[in-house]
Amino acid sequence: MKAIVTRFAPSPTGTLHIGGVRTALFNYVYAKQNNGKFLIRIEDTDTERSTKEYEKNILDNLTSIGLEPDEDPINQSERNEIYLKAAEKILQSGNAYWCDCSQEELEEMRKAQTATGKKPMYDGRSRNLGLERSDKTVLRLATPENGEIIVKDLIRGEIIFNNNELDDLILLRSDGSPTYHLCNVVDDYEQKVTTVIRGEDHISNTPRQIHIQNALGYPELEYAHLPLVLGTDKKRLSKRNAATSLEEYREKGYLDSAILNTLARLGWSQGENDVFYMNDLIKEFNIKDVQKAGAIFDITKLDWLNSQHLANLSLESFKEQLQPFLQALEINIEDHEKSDQLIEAMRTSDNTFSGIAKSLIPYYKDINEYDEKAIEKFISDKSILEELKVLLNGLDDWNQDNIDNILKNYQSEKGLSVPAVNQPIRISLTGSTKSPGLGLTLFLFGKNKSLERISNLLSYLS
RNA sequence: GUCCCGUUCGUCUAGAGGCCUAGGACACCGGGUUUUCAUCCCGGCAACAGGGGUUCGACUCCCCUACGGGAUGCCA
């Protein structure tokens, strides 16, 4: 079996897109499970829209999320001579010709074709003119006029295109620069790529690229066209219908492993499992099992998967990764005496790090706001809080069990419901009705701070 | 218009002619965990785009229609 080489070939015209991450992931996994190589190629031939900033963003993000290439990435913008040489070779072999049709002429031609119900495509009018190169000519590939081309796709099977549906595409622009199709084909060959895994929007490009390969005498490639990632409007995922930048998800506190997991499950599944880590994917993934239809990116699935991945983290690792989110809130995790217990108690309070960090605020900072609705609902009688304050103040051994006993005894002696006793305390401590078990919560706050906050609420109420 | 790809619960999917009274997961709804939020557990709701064939039998095979997407660029 020959060594598999895959590649991810982004255009640096924006930050790393979540759909791009998925394409890169499938390329990476496919290469790794075959002991092959995963490569990156920057397709920056569109000098108008490509920037170095975007390129850096893409490369940095791919690496940090774990999709590191096995060789240094190459830039198409630096490889002009190679493409020119290839173009020359095609020209010499008689599979290309110079064409001097102007943009206007082509436009007119297409208009006429459309008007007569024909498919708009270049009709090859310059093909046999034997034109010389000039500053007005483009180099076109002489596509075979008859026969068909069969694309063998790992996911879709054989896709057949009639050659007469394909027109003579441009290899070199009139300014002498190579086009996407040429660069793409040449680089896949130069990088010794064996398998092209890309979005299904490239399906119809494939027969064209195969013709270029043929003209150059390159070997056949293996293809797999992935279904697209869609937004909730069933349209291709874009800035308009969702957050598309990988960074945005990381900043919200989603784990890299959860993002990758979610992306992998978009279009692929294995058994009745939903939680996969990279090594699972490398073991279980099969490109042939990939779905053919586009998949909608559902944030609630990411939320859930993130909670699963979060739960699998050790406390140490959890704390470490939570750190930056606390820092953003100017919270130092060690400022709490029992930070380990606190974090352990709070780690399921939200699905994301940013949400968890936010819910930790009352444990580190003063409360400057109370949930008014909760006050209205649970505090009709201040005397409950006042009496509890006295009882708690009398407790010398401040531990969870003792605290719970005080609360329980008070509740049964007074014949009150649990919420009637507990919620006012919760509101005192956290400003809301949310917290872990109350005995634990009071313990975590410590005696002094607990009493102080009860006093604060009492004075706030009067 | 033409060519190509696609179409199972709201969403991600299982299903390769009988195992399907179509399974799982998320979401949602209800219940439980000595009655907070969350976690966790249990239960419920909910789909084969439509029409023709082929077959003893079709979600599965074929054809047509509808709908969605892509291509039809001197963009990638």
Side-chain angles (χ1 to χ4, degrees), chain A residues 9-13 43-46 48-50 76 99 101-103 106-107 110 113-122 136-140 151 153 155-156 159-162 164-167 169-177 179-181 183-184 199-208 225 227-228 230 232 234-236 262 265-275 289 291-305 307 310-311 345-351 355-356 359 374 378 408 417-419 422-423 425-427 430 432-438 441:
Chain A
S11 292
T13 55
E43 304 212 327
D44 53 356
T45 52
D46 185 344
E48 300 274 302
R49 298 190 297 147
S50 301
Q76 288 191 328
C99 161
C101 295
S102 66
Q103 307 259 20
L106 293 175
E107 208 166 300
R110 291 192 193 102
Q113 288 165 331
T114 311
T116 52
K118 284 194 194 127
K119 178 176 181 165
M121 55 190 274
Y122 182 66
K136 285 202 282 288
T137 56
V138 298
L139 185 69
R140 284 185 185 271
V151 177
D153 190 285
I155 296 170
R156 291 155 214 273
I159 306 170
I160 301 170
F161 294 86
N162 281 315
N164 60 25
E165 293 290 338
L166 274 19
D167 61 6
L169 74 252
I170 292 172
L171 263 15
L172 256 28
R173 302 185 184 95
S174 48
D175 67 0
S177 63
T179 60
Y180 159 71
H181 289 293
C183 301
N184 197 276
E200 68 171 331
D201 48 333
H202 285 286
I203 290 180
S204 43
N205 287 334
T206 309
R208 300 164 188 283
H225 287 94
L228 265 21
L230 277 20
T232 42
K234 294 193 177 232
K235 296 254 191 288
R236 190 177 176 158
T262 304
R265 283 289 286 100
L266 240 44
W268 174 81
S269 69
Q270 174 62 252
E272 302 203 325
N273 240 100
D274 285 293
V275 181
D289 291 336
Q291 197 83 6
K292 297 187 187 79
I296 295 173
F297 179 75
D298 184 5
I299 190 82
T300 64
K301 198 79 166 198
L302 209 210
D303 279 328
W304 179 73
L305 244 14
S307 74
L310 243 25
M346 294 295 288
R347 61 186 285 174
T348 59
S349 63
D350 196 89
N351 290 330
I356 293 166
S359 59
F378 293 106
K408 217 188 300 175
S417 71
V418 175
N422 290 9
Q423 297 299 49
I425 304 272
R426 277 208 173 80
I427 296 167
T430 69
S432 76
T433 56
K434 300 175 189 173
S435 90
L438 196 52
T441 306

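The figures that follow rest on heavy atoms only: side chains count, while hydrogens, waters and symmetry mates do not. Just so it is clear: chains get the letters A, B, ... in the order the sequence lines come, proteins before strands, and each one is counted from 1.
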What's the gap between B/C62 and B/G73 when it is taken at their P atoms, as a whole Å value? 32 Å

Length of the CZ-C1' vector between A/R156 and B/G6, whole Å: 7 Å

Per-nt protein contacts along nucleotides 25-35 of chain B (heavy atom under 4.0 Å; B base, S backbone sugar-phosphate only, - none) come out as BSS-------S

Tell me every residue that passes salt bridge (Lys or Arg N to Asp or Glu O under 4.0 Å) with A/R208, counting only those two or more places apart in sequence or in another chain. A/D167

Can you work out whether A/K292 or A/E165 has the more 5'-proximal nearest nucleotide on RNA chain B? A/E165

Just checking A/F378: base, sugar-phosphate only, or nothing, at a heavy-atom cut-off of under 4.0 Å? nothing

Using 4.0 Å as the upper bound for N to carboxylate O, is an ion pair formed by A/E200 and A/K292? no

Rounded distance in Å between the C1' positions of B/U33 and B/C40: 8 Å

OP1, OP2 of B/A14 versus side-chain N and O of A/S269: anything below 4.0 Å? yes

So A/G437, base contact, sugar-phosphate only, or nothing? Heavy-atom distance under 4.0 Å. base

Mind checking what makes side-chain contact (heavy atoms from CB on, under 4.5 Å) contact with A/S417, not counting sequence neighbours? A/P419, A/A420

Can you check the distance between B/G32 and B/G50, where both ends of the measurement are the C1' atom (answer in whole Å)? 44 Å

A/I356: side-chain contact (heavy atoms from CB on, under 4.5 Å) partners, not counting sequence neighbours: A/L310, A/F318, A/L322, A/S349, A/D350, A/L360

Return the value, rounded to whole Å, for the distance between atom CG of A/D289 and atom C1' of B/G15. 12 Å

Got a donor-acceptor contact below 3.5 angstrom from the A/T430 side chain to the A/S432 backbone? yes

Now, which nucleotide makes the Watson-Crick or G-U wobble pair with B/G44, with each of the two distances under 3.5 Å? B/C28

Integer-rounded Å distance: B/C3 P and A/K118 NZ: 15 Å

If the condition is side chain to side chain donor-acceptor pair (under 3.5 Å), which residues does A/R265 pass it with, not counting sequence neighbours? A/D274

pair_partner(B/U35), Watson-Crick or wobble, both distances < 3.5 Å, evaluates to none

Classify every nucleotide of nucleotides 63-76 of chain B by which part a protein heavy atom approaches to under 4.0 Å, writing B for the base, S for the sugar-phosphate alone and - for neither, in 5'-to-3' order. ------SSSSSBBB

Distance between the C1' atoms of B/U35 and B/C48, in whole angstroms? 43 Å

Taking atom P in both B/U21 and B/A27, compute the distance separating them and give it to the nearest angstrom. 29 Å

Salt bridge (Lys or Arg N to Asp or Glu O under 4.0 Å) filter on A/R173, not counting sequence neighbours, yields none

side-chain contact (heavy atoms from CB on, under 4.5 Å) partners for A/T45, two or more places apart: A/Q76, A/C183

Would a distance-only check, ignoring hydrogens and angles, find a side-chain to backbone donor-acceptor pair under 3.5 Å from A/S50 to A/T13? no

Could you give the distance separating B/U54 and B/A58 at their P atoms, to the nearest angstrom? 11 Å

Check whether any side-chain N or O of A/Q291 sits under 4.0 Å from OP1 or OP2 of B/A14, and answer yes or no. yes

Please evaluate residues A/N184 and A/E43 with respect to the criterion side chain to side chain contact (heavy atoms under 4.5 Å, CB included), reporting the C-alpha separation (whole Å), side-chain torsions for both, the decisive distance (0.1 Å), and the verdict. CA-CA 8 Å; A/N184 197 276; A/E43 304 212 327; 3.1 Å; yes

On RNA chain B, more 5' by nearest nucleotide between A/Q423 and A/I160 is A/I160

Using a 4.0 Å heavy-atom cut-off, does A/P207 contact any base of the nucleic acid, only the sugar-phosphate backbone, or nothing at all? nothing

So which nucleotide does B/G57 pair with, by the Watson-Crick or G-U wobble rule with both distances under 3.5 Å? none

Given the P atoms of B/A38 and B/C29, what is the spacing between them in whole Å? 11 Å

Identify each atom pair where a protein N or O and an N or O of nucleotides 41-50 of chain B are less than 3.5 Å apart, giving names and distance.
none

Listed by chain and number, what are the side-chain contact (heavy atoms from CB on, under 4.5 Å) partners of A/Q113, not counting sequence neighbours? A/M109, A/R110, A/K118, A/P120, A/D123

Integer-rounded Å distance: B/G10 C1' and A/I296 CD1: 9 Å

Re B/G17: Watson-Crick or G-U wobble partner, both distances kept under 3.5 Å, found to be none

A/I356 atom CD1 is separated from B/C37 atom C1', nearest whole Å, by 13 Å

Under the salt bridge (Lys or Arg N to Asp or Glu O under 4.0 Å) test, which residues partner A/R140, sequence neighbours left out? none

Distance, C1' atom - from B/A66 to B/G31, rounded to whole angstrom: 43 Å

Residues in salt bridge (Lys or Arg N to Asp or Glu O under 4.0 Å) contact with A/D46, at least two apart in sequence or another chain: A/R49

